[in-house]
Trainee: 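Here it is, the structure, as structure tokens.
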Amino acid sequence: MTAGRVLGAIMRFIASCLCVCIILGSVAAVAVSLYVVKETQGDSDLLDLTQLELAYTTIIYSQQINDQGQPEWVEYQRLQSPEENRIWKPLNEISPYIQHAFVAVEDENFYTHPGFSFKRTVLAAINEVFRKLTGSYLTGSQLGASTIEQQLIKNITGEDESSGIEGYARKVKEIFRAIALDNRFSKEEILEAYLNTIGLTGNTAGVEAGANQYFGKSAADVTIAEAASIAAITKNPSRFNPYTNPEEHLKRRDDIILFMQQQGYITQAEAEAAWATPLNLVEKTTDENAAVQTDYSWFTDQVISEVIDDLVAENPLGRENWDRAAANDYLYNGGLRIYSTVDTEVQTALENVWLEGKYWEPMPIENYVDPNKPDDTPHTITTQAAGVVINYKGELCGVVGGLGQKTENRGFNRGTEMERQVGSTMKAVAAYPLGIDMDLINYSSVLMDDYFPIPDGKGGTRTDWPSNWNGRYSHSMTTVYEALKKSLNTVAVRVGDWVTPRTMFEFARDTLGITTLDENSDIDLAPMVLGATTTGLSPYELAGAYMMYGDGGRMTSLHSYTSVRDYQGNEILEKDIVTTQAIGEDTAYIMNRLLHSVLFDAGGTARGIHPDANVMDSIGKTGTTNDNKDVWFVGLTPKYVMATWYGYNENEPMDDYNNYYIYKNKGSQKGHPGASAFAEVMDTIQADLSEEEIVEWEKPDSVEIGAFCTISGDIPTDGCPRGTGYYKTGVQRGVCTGIHATDPAA
């Protein structure tokens with residue numbers, strides 16, 4: 001009886017303990033469940049592999065013609081993210097060698113387990129308990145239990161298990177997350193995300209960026225040895241860095257090759273060949289820890305600014321609190337694919353000419369103190385120059401924002417951002433083209449080369465405005481042809497007066513899209529004819545205004561890119577490109593021939609300074625502002641428009657300008673600096689053109705060629721000095737009645 005009571009008591013105690021254990025286990029299970037539910041509330045969005053919020057590298061592309069003569073997009077510039085250098089690649093564009101290398105070393109049962117490995121988890125737990133009890137691991141070292149799913153979760157969330165209770169809780173949460181991830185996505189989708197999120201050396205992340213950095217190739221093209229090298233880094237990027245610790249790296253690489261062979265991914269022969277392969281790394285060109293490369297071209301600077309402007313304006317993602325800072329962050333971290341308009345041959349030619357700088361005399365001014373900065377320290381200033389090339393699609397093909405070596409990213413770009421008065425180049429922006437388009441003048445119309453009467457402010461009339469560049473008036477009737485090639489201000493002002501300042505202003509602002517004009521101060525003859533506008537224009541904008549003379553009177557909106565897509569191929573921005581018939585086709589061709597005289601005819605302000613006329617034709621216009629503060633040139637070929645500027649940043653007079661430049665020899669420092677640069681750039685890019693690539697300006701049927709008397713401008717008769725002019729078909733011209741001596745300028 002006593003033994004029975006004791007046994008009964010023992011059984012009741014055991015039963016009670018079991019009940020307590022069950023209750024405690026149930027409580028623990030409920031607690032764990034509540035913890036997991038609470039901690040994974042947002043996982044449906046956080047762990048959505050189709051919308052990962054990670055930093056990706058943005059790439060700018062240029063269009064090139066391949067060996068088959070077909071256009072294709074190729075990488076022009078990579079904008080490394082300040083956070084991570086990452087380029088997303090779909091799994092079918094990642095070499096199977098890379099896929100197999102990572103599975104072999106990180107998770108050999110990846111394709112069969114449900115997101116976590118029960119066996120590896122139990123063994124790892126026993127190993128940790130043994131270390132707690134004895135101070136050392138049962139297996140000699142820590143065992144890794146994380147599957148690829150679990151590692152991917154760490155990469156996405158940035159969470160890693162810590163020690164103690166918190167560590168165990170996070171591990172439990174991670175296992176539940178891994179199971180959920182495995183149920184939601186296929187193994188291929190999980191592996192793709194994993195291979196694109198793994199961390200490598202420095203700020204390089206993902207196998208594509210790794211293959212680019214270490215081997216100079218795509219992840220689709222790596223060898224077995226290269227794939228094993230990339231997989232070798234992830235365990236400890238510092239210890240297994242192939243650049244700084246090549247011996248340690250090679251040991252781990254060779255181990256991974258062995259794992260691949262043992263698991264049947266490669267043959268013994270392939271393994272032996274891979275082991276024998278040396279570590280052929282590409283030469284490092286930048287610090288691996290550098291946040292952003294420092295070699296952006298002037299074009300890259302411009303396309304970055306333009307894309308950010310459009311991102312801010314359009315907010316394509318529909319985000320709240322969207323501003324320039326947010327757009328800037330998205331551009332650098334969003335993995336955008338920017339399809340740009342850069343012509344790499346043009347850009348290189350520009351950079352080489354501006355780097356050499358032989359056409360621009362520095363003309364230093366010593367002990368200069370900025371009058372707008374009373375506390376300015378005396379220093380030496382020198383001249384600067386900028387240039388822009390566009391084509392007739394409105395595409396920015398190339399730009400340089402300063403002389404010499406470019407020293408900073410996204411610094412002040414004089415080619416696209418600087419606004420300066422444009423001098424006589426303004427004459428061909430509105431006055432002359434509208435005068436012809438409105439049938440107020442023609443190619444050989446005559447106007448007086450004398451002062452234009454304007455009030456002097458004292459009740460009288462000024463007799464010294466506008467002055468010509470040479471300071472003289474002929475006091476005689478002068479043809480439009482003669483006035484434009486010699487850049488006479490007097491005739492241009494009279495044409496502008498007939499057109500009216502408001503008509504010129506509205507044409508320049510509304511039709512040509514010049515954004516810098518001021519309605520309160522620029523509706524006058526000096527701004528709209530002589531370029532004395534309140535703010536001025538950039539070389540980019542000036543080139544755009546001249547586009548109509550090479551494209552039948554059409555003007556297409558300026559742009560440096562056509563579209564922007566995210567790293568998954570979704571379109572983010574599409575450039576709205578508009579073409580406008582600014583002036584008549586006949587007017588454009590007549591202006592084209594008038595501008596031809598500037599480069600080719602006697603008296604032209606840049607005569608003889610032009611690209612090789614045996615290849616393609618060219619036209620141009622010079623311009624200077626008062627005291628030679630700004631020297632401009634706009635040149636056109638049948639393919640491109642190029643605008644250049646030369647002066648001091650500080651807007652000071654170039655006092656020695658006329659001592660250096662006499663506008664005489666093409667390619668000489670004594671020739672017009674902008675025209676000389678135009679000639680060299682165009683000769684460079686036209687050097688190897690095929691017959692099919694050579695383009696001509698074709699005279700439209702609405703224009704007829706006719707002789708004119710160079711003195712009266714009328715149809716010549718016997719004894720008249722003759723020139724050849726271009727007129728709208730059917731234009732009524734008078735017949736010259738005078739008898740003239742030979743004109744030496746004809």
Side-chain angles (χ1 to χ4, degrees), residues 371-372 386 414 417-435 447 449-457 461-473 483-484 486-510 512-546 598 605 621-634 643-655 657-658 674:
N372 298 315
R414 299 172 188 84
E417 297 178 298
M418 178 194 67
E419 296 170 354
R420 297 286 282 264
Q421 293 185 349
V422 297
S424 290
T425 58
M426 196 70 179
K427 295 171 185 173
V429 170
Y432 281 124
L434 290 180
L447 295 89
D449 174 23
D450 207 341
Y451 72 87
F452 184 83
I454 59 173
D456 62 3
T461 301
R462 287 182 61 176
T463 60
D464 61 348
W465 188 88
S467 62
N468 289 323
W469 67 271
N470 59 10
R472 297 190 298 271
Y473 303 128
L484 192 146
K486 292 182 177 179
S487 200
L488 300 180
N489 293 337
T490 52
V491 173
V493 163
R494 283 175 165 79
V495 173
D497 184 55
W498 289 351
V499 173
T500 75
R502 175 161 288 279
T503 300
M504 291 187 290
F505 176 88
E506 292 178 351
F507 172 76
R509 182 192 63 185
D510 302 335
L512 300 184
I514 297 175
T515 61
T516 53
L517 299 176
D518 188 329
E519 190 163 8
N520 296 318
S521 56
D522 287 342
I523 304 178
D524 206 344
L525 291 173
M528 298 314 303
V529 179
L530 305 181
T533 53
T534 305
T535 303
L537 279 70
S538 68
Y540 192 24
E541 211 164 31
L542 185 61
Y546 271 72
V598 173
T605 53
K621 184 70 185 78
T622 60
T624 58
T625 58
N626 290 342
D627 302 317
N628 294 322
K629 289 183 177 180
D630 306 275
V631 174
W632 292 86
F633 179 79
V634 185
T644 70
W645 167 87
Y646 172 43
Y648 292 105
N649 287 334
E650 296 77 9
N651 202 24
E652 292 294 328
M654 290 191 285
D655 293 334
Y657 179 77
N658 292 326

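Computed over heavy atoms, backbone and side chain alike; hydrogens, waters and symmetry mates excluded.
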Trainee: For the CE atom of M654 and the NZ atom of K629, what is their distance to the nearest 0.5 Å?
Mentor: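 Those atoms lie 11.5 Å apart.
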Trainee: For a quick test of reading the model, state the closest non-hydrogen atom pair linking R414 to A386 and the distance between them.
Mentor: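 The pair with the smallest heavy-atom distance is CB-CB, 3.6 Å.
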Trainee: Who passes side chain to side chain contact (heavy atoms under 4.5 Å, CB included) against W469, sequence neighbours left out?
Mentor: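 Residues passing side chain to side chain contact (heavy atoms under 4.5 Å, CB included) with W469: none at all.
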Trainee: Show the numbers, then the answer: is there a side chain to side chain contact (heavy atoms under 4.5 Å, CB included) between L525 and F452?
Mentor: CA-CA 11 Å; L525 291 173; F452 184 83; 3.8 Å; yes
Trainee: Considering only heavy atoms from C-beta outward, does the side chain of T624 approach that of Y646 to under 4.5 Å?
Mentor: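 Heavy-atom side-chain distance check fails, nothing below 4.5 Å.
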Trainee: What's the spacing between D456 CG and T461 OG1 if we round to 0.5 Å?
Mentor: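 The OG1 atom of T461 is 6.5 Å from CG of D456, to the nearest 0.5 Å.
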Trainee: Looking only at non-hydrogen atoms, find the nearest pair between T490 and D450 and report the distance.
Mentor: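 The pair with the smallest heavy-atom distance is CG2-O, 3.2 Å.
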Trainee: Report the distance from atom CE of M418 to atom CG of N651, rounding to the nearest 0.5 Å.
Mentor: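 That separation rounds to 10.0 Å.
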Trainee: Take V495 and L434 through the side chain to side chain contact (heavy atoms under 4.5 Å, CB included) test and state the conclusion after the steps.
Mentor: CA-CA 9 Å; V495 173; L434 290 180; over 6 Å; no
Trainee: Testing the basics here: between N520 and D518, what is the closest heavy-atom pair and its distance to 0.1 Å?
Mentor: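 Looking at all heavy atoms of both residues, the shortest contact is N-OD1, 2.8 Å.
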Trainee: When the side chains of residues 526-535 are checked against the rest of the protein, which donor-acceptor pairs come out under 3.5 Å, sequence neighbours left out?
Mentor:
from: T533; atom 1: OG1; to: G536; atom 2: N; distance (Å): 3.2
from: T534; atom 1: OG1; to: S521; atom 2: OG; distance (Å): 2.4
from: T534; atom 1: OG1; to: D522; atom 2: OD1; distance (Å): 2.8

Trainee: Output all residues satisfying side chain to side chain contact (heavy atoms under 4.5 Å, CB included) with E519, sequence neighbours left out; order by chain, then residue number.
Mentor: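 For E519, the residues satisfying side chain to side chain contact (heavy atoms under 4.5 Å, CB included) (neighbours in sequence not counted) are R502, F505, R509, I523.
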Trainee: With side chain to side chain contact (heavy atoms under 4.5 Å, CB included) as the test, would you mind laying out the steps for T622 and S424 before giving the verdict?
Mentor: CA-CA 7 Å; T622 60; S424 290; 5.8 Å; no
Trainee: Which residue pairs satisfy the side-chain hydrogen bond (donor to acceptor under 3.5 Å, both in side chains) criterion with at least one member in residues 536-546, sequence neighbours excluded?
Mentor: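 Qualifying pairs, neighbours excluded: T515-E541.
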Trainee: Side-chain contact test, heavy atoms from C-beta onward, threshold under 4.5 Å: evaluate it for L447 versus W498 and give yes or no.
Mentor: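 Sidechains of W498 and L447: in contact.
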Trainee: Under the side chain to side chain contact (heavy atoms under 4.5 Å, CB included) test, which residues partner N626, sequence neighbours left out?
Mentor: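 Partners of N626 by the side chain to side chain contact (heavy atoms under 4.5 Å, CB included) criterion come out as none, since no residue qualifies.
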Trainee: Has N470 got a side-chain atom pairing as donor or acceptor with R472's backbone, closer than 3.5 angstrom?
Mentor: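 Yes, N470 side chain to R472 backbone: donor-acceptor pair under 3.5 Å.
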Trainee: Tell me, please, which residues at least two apart from T500 pass side-chain hydrogen bond (donor to acceptor under 3.5 Å, both in side chains).
Mentor: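 side-chain hydrogen bond (donor to acceptor under 3.5 Å, both in side chains) list for T500, sorted by chain: T503.
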Trainee: Write down the atom of P539, the atom of W645, and the distance for their closest heavy-atom approach.
Mentor: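 Taking every non-hydrogen atom into account, CG-CB, 4.2 Å.
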Trainee: Please give me the minimum heavy-atom distance between K621 and S487, naming the atom from each residue.
Mentor: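 Looking at all heavy atoms of both residues, the closest pair is NZ-OG, 2.9 Å.
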Trainee: Excluding sequence neighbours, so at least two apart, what forms side-chain hydrogen bond (donor to acceptor under 3.5 Å, both in side chains) with D627?
Mentor: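 Listed in chain order: nothing, the list is empty.
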Trainee: Yes or no on side chain to side chain contact (heavy atoms under 4.5 Å, CB included) for V422 and V634, after CA distance, side-chain angles and deciding distance?
Mentor: CA-CA 10 Å; V422 297; V634 185; over 6 Å; no
Trainee: Less than 4.5 Å apart, any side-chain heavy atom of V491 and any of L484?
Mentor: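 SC-SC contact between V491 and L484 ruled out.
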Trainee: Restricting to ring pair (Phe, Tyr, Trp, His ring centres under 6.0 Å), what partner residues turn up for Y473, sequence neighbours left out?
Mentor: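 Partners of Y473 by the ring pair (Phe, Tyr, Trp, His ring centres under 6.0 Å) criterion, ordered by chain and then number, come out as H475.
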Trainee: Among residues at least two apart in sequence or on other chains, which ones pass salt bridge (charged side-chain N to carboxylate O under 4.0 Å, His left out) with R462?
Mentor: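 R462 satisfies salt bridge (charged side-chain N to carboxylate O under 4.0 Å, His left out) with D464 only.
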Trainee: List for me each residue that meets salt bridge (charged side-chain N to carboxylate O under 4.0 Å, His left out) alongside E650, sequence neighbours excluded, and say none if there are none.
Mentor: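 Not a single residue meets the salt bridge (charged side-chain N to carboxylate O under 4.0 Å, His left out) criterion with E650.
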Trainee: On a heavy-atom basis, which atom in V499 and which in G435 lie closest, and how many Å separate them?
Mentor: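 Closest pair (atom of V499, atom of G435, distance): CG2-N, 3.6 Å.
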Trainee: May I have all residue pairs that pass salt bridge (Lys or Arg N to Asp or Glu O under 4.0 Å) and include part of residues 419-428, sequence neighbours excluded?
Mentor: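 Matches after skipping sequence neighbours: R420-D630.
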